[in-house]
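The figures that follow rest on heavy atoms only: side chains count, while hydrogens, waters and symmetry mates do not. Just so we're clear, the structure is a prediction, and the values are computed from it rather than from any experiment.
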Protein chains: 2
Amino acid sequence: MEQKPTTIKEIAKQLNISFSTVSRALHDHPNIGLRTKLRVQQLAKELHYEPNQTAIFFQQRKTFTIGVIIPELAEAFFSTSINGIEDTAEKNKYTVLLGQSHDSEEREKKILETMKQHRVDGVIISISKNTVNYEHFESLKKYGIPVVFFDRIPKMSDIHYVSSNMISGTLQAVSFLIKKGHRVIGMINGPEKLLASQERKEGYQQSMTKSRLKFDPSLVVNSDLSLTGTQLAMEELLSSKRKPTAIVTFNDYVALDAIQYAQKRKRKINKDICFVSFANLPISSYSAYPPLASVEQYPYIQGQKATEILLELMNKNKDETGQKEVYYKIIVESQLVLHEKK
Amino acid sequence: MEQKPTTIKEIAKQLNISFSTVSRALHDHPNIGLRTKLRVQQLAKELHYEPNQTAIFFQQRKTFTIGVIIPELAEAFFSTSINGIEDTAEKNKYTVLLGQSHDSEEREKKILETMKQHRVDGVIISISKNTVNYEHFESLKKYGIPVVFFDRIPKMSDIHYVSSNMISGTLQAVSFLIKKGHRVIGMINGPEKLLASQERKEGYQQSMTKSRLKFDPSLVVNSDLSLTGTQLAMEELLSSKRKPTAIVTFNDYVALDAIQYAQKRKRKINKDICFVSFANLPISSYSAYPPLASVEQYPYIQGQKATEILLELMNKNKDETGQKEVYYKIIVESQLVLHEKK
DNA sequence: TTAAATTATGCAAAGGTTTGCGGAGAAAAC
DNA sequence: GTTTTCTCCGCAAACCTTTGCATAATTTAA
């Protein structure tokens, strides 16, 4: 019973005109008679004509598809940013091909490979925290597939990216704690390789200097963001000589793990020790002891911006090629959000 | 600088053979001389030949893409099930085109439309809770695009689906509470239209009857799953004449909202009132008062199964067409998981 | 050697669409 | 009435690949 989709040829045959005429009629091409145009559009509707996109993709060397690769969908930050990506893409008639690296470089490569084969028009990517090799990104360039990075950005020059301002975000967070009277402030940072970690450290250092406090590098420890990684980091901080009374954590997940660990170690949350973190996830509003405040990074906007840049890059290609490229480096401001006590 | 991708024609020209030979050489076709095969494969590698998938898609009338539509990526249940889908798809060389309905029927339709245009080979969908009209699903059938539903399933006959066994899940949940001594048990159910809601009610009723307890329909209230919806539902239960000492909620999000509301109303959690819910999300492990237990629905497995069915449907099409169709109705068993006290 | 069987290669069509170019026919200008 | 100018439409190529069928080349059998 499966009906074959109507084609332009079919319409042409029934109307006894050439299929190029049909094509033009359907596209409101100027060189077309009003009469025939209407006849064609009429019949097209009757036969439920729908253009064969695969043919068009092929013909136009374009797929109106963008590939999106992120580490982990389950993390609220990423699923929210995908909302921004998807909405923007949809508005511009693009669809989203999704891939998760699960923080494996190998998977990341493989997904990128598949996407290249699927001839995506562009790629948005937040790299795996374990990715050390950047060749697979370079290779996309050769094929003229534009790439926009966001949030987790590789240390490469000549790339487009959008990220949130971690330096100023950290500044806000640390200043907030200092204003509350804390003098010894620890930091559980993420993997050192990540740009985001470096910026947090930078921001931490800046605000300490600003307030004429000593910057003690031993108070900045790294976690690989896993539960045990965070616990190790906490252990290190809690057993440090200069007992920190407040800790800034890499994100809310780390914060929650850290808080649980602090409780296990008999620290009274918000008395013995306070927490401030990043991401401002809804999860923390349900938590028993949420961090005092969290730096909102506006993932939706980041996704949106990244997509807008990509759209521009994908369309530019046609017109002005060969000009020296300008690289977009968009910084989305972050904002410390206080968690109200209930 | 942008190099044009190598085509089969290019290889053929350089080797002075016909491009059909090249095609066959690259596919290890039996009718091909070993010498030429090697020569071709050698050159293909040198020129970094990569087949133009869009051409192949077009030629084969297949895109190796499956569309996945879910209500909300941010919900852990769905993002986990997508993991199952993506992994299974990837293993079979399929890619995933993603769309979120955000629980809007209109968006759902639109996404489906776009996916149809993109000529996806099949669709996996968990429908929006506000979808009342099912025409857009029917229409896919006409085009021979197989659809597999999961978790949120429309009330249609002749469909393929996978869902978790809510009846037995609810049975486990309620029995658990009864065994703990509760006699008056309330339920905050989801929207009545959802099959999942009906099944929960069914399970609730069954276990009451089984234990020779009276089934009181006024103890089963519905929430639209929003915060206020849940609060309204809670208000109704708390003000009911027969004070329930335990409540089964539609999912963990509802549970957390309900628990917060109960606290606001000065109920002591796990003393005055206990909660059991569905989904078993990691979120609840961070919560101050998580539900006592939660019914794990194995979203990853659901996604996996749905994809496996879809793969089968997509491949069947070719061979045996016209046979009367068999509809898959896969029930994934659910499992009550107790939350340890710490 | 030659005929027969086998193996390797080429030809050409098909899949649906867009688009530059040329030409037919009609309207306008002289 | 002839030429010029438009307006509208058809032809055909191109995008790249796969594949059935025919044919050329080679091997095997007689």
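One finds a side-chain N or O of S18(A) lying less than 4.0 angstrom from the OP1 or OP2 phosphate oxygen of dG10(D). Regarding contacts with the backbone of dC16(D), every side-chain N or O of Y49(B) stays at 4.0 angstrom or more from both OP1 and OP2. Close to dC9(D), at under 4.0 Å from its OP1 or OP2, lies a side-chain N or O of T36(A). The phosphate of dT18(C) (OP1 or OP2) has no side-chain N or O of S20(A) nearer than 4.0 angstrom. OP1 or OP2 of dT17(C) has not a single side-chain nitrogen or oxygen of S23(A) nearer than 4.0 Å.
Between dG16(C), dA14(C), dT9(C), one nucleotide has an atom nearer to the side chain of Q59(A) than all others, and that is dG16(C).
At whole-Å resolution of the value, CZ in F19(A) and P in dA14(C) are 13 Å apart. Rounded to a whole Å, the NZ atom of K13(B) is 14 Å from the P atom of dT17(D). Taking atom CG on D28(A) and atom P on dC8(D), their separation rounds to 13 Å, with Å as the unit. Between the CG atom of L15(A) and the C1' atom of dC8(D) there is a distance of 15 Å, rounded to whole Å. The distance between atom CD1 of I56(A) and atom P of dG16(C), rounded to the nearest whole Å, is 12 Å. K9(A) places its NZ atom 16 Å from the P atom of dG10(D), with the value rounded to the nearest Å. In this structure, the CZ atom of R61(A) is 14 Å from the C1' atom of dT17(D), given to the nearest Å. Rounded to whole Å, the distance from NE2 on H29(A) to P on dG20(C) is 7 Å.
Note: F57(A) and F64(A) have tilted aromatic rings, judged against thresholds of 30 and 60 degrees for the angle between ring planes. Relative orientation of the H160(B) and Y327(B) rings is tilted, given thresholds of 30° and 60° on the angle between their planes.
Look at E113(B) and K109(B) and you find no salt bridge, because none of the NZ, NE, NH1 or NH2 atoms lies under 4.0 Å from a carboxylate O.
For I17(B) and Q60(A), each mapped to the nucleotide of DNA chain C holding its nearest heavy atom, the one lying further toward the 5' end belongs to I17(B). If A55(B) and R24(B) are placed on DNA chain D by their nearest nucleotide, the residue sitting closer to the 5' end is A55(B).
The shortest heavy-atom contact between I17(B) and V22(B) is CD1-CG2, 3.9 Å.
At the heavy-atom level, N31(B) lies under 4.0 Å from base atoms of the strands shown.
Using a 5.5 Å limit on the distance between ring centres and a 30° limit on the angle between planes, the aromatic ring of F58(B) counts as stacked on the six-membered base ring of dG15(C).
Taking a 6.0 Å sphere around NZ of K110(A), one finds it holds 12 or fewer heavy atoms contributed by other residues, nucleotides or ligands.
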